[in-house]
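Numbers for residues simply follow the sequence, beginning at 1. Remember, predicted model here, so these are calculated numbers, not experimental data.
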Amino acid sequence: MWNELKHMYEIEREQSPESTNDLLDFYQGKYVTGEIGIHYYRTVYYYLHEEGAISVHE
């Protein structure tokens, strides 16, 4: 899952994420704008949280 999340980030941002927090912020933004659904977002959120990511909203 890590490679898939990172790859999408790199394609859209044209750079590598500096941390798991960057990835979480990126996918939170996609959820808020309706680009991804709640089920996918929850999967991403829990995976990145397990990897040590902390949301700026926590």
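Residues in residues 7-26 take part in these ring-ring contact (aromatic ring centres under 6.0 Å, His included) pairs, two or more places apart or across chains: Tyr9-Phe26. Residues in residues 39-50 take part in no salt bridge (Lys or Arg N to Asp or Glu O under 4.0 Å) pair, two or more places apart or across chains.
In this view, Ser19 and Asn21, Asp22 satisfy the side-chain contact (heavy atoms from CB on, under 4.5 Å) rule, not counting sequence neighbours. Among residues two or more places apart in sequence or in another chain, the side chain to side chain donor-acceptor pair (under 3.5 Å) test is passed with Tyr41 by Gln28. With sequence neighbours left out, Glu35 forms a side chain to side chain donor-acceptor pair (under 3.5 Å) with Lys30, Thr33. The side-chain contact (heavy atoms from CB on, under 4.5 Å) test applied to Tyr40 returns Glu4, Leu5, Tyr27, Ile36, Val44, not counting sequence neighbours.
How far CG of Asp25 is from CD1 of Ile54: 11.0 Å, rounded to the nearest 0.5 Å. The CG atom of Leu23 sits 9.5 Å away from atom CZ of Arg13, with the distance rounded to the nearest 0.5 Å. Considering CG of Leu24 and OH of Tyr31, their distance stands at 13.0 Å, rounded to 0.5 Å.
If you chain together hydrophobic residues whose side chains sit under 4.5 Å apart, Ile11 and Met1 never meet in one group.
Within 6.0 Å of atom CD in Glu14, 12 or fewer heavy atoms from other residues, nucleotides or ligands are found, so the atom counts as exposed in its surroundings.
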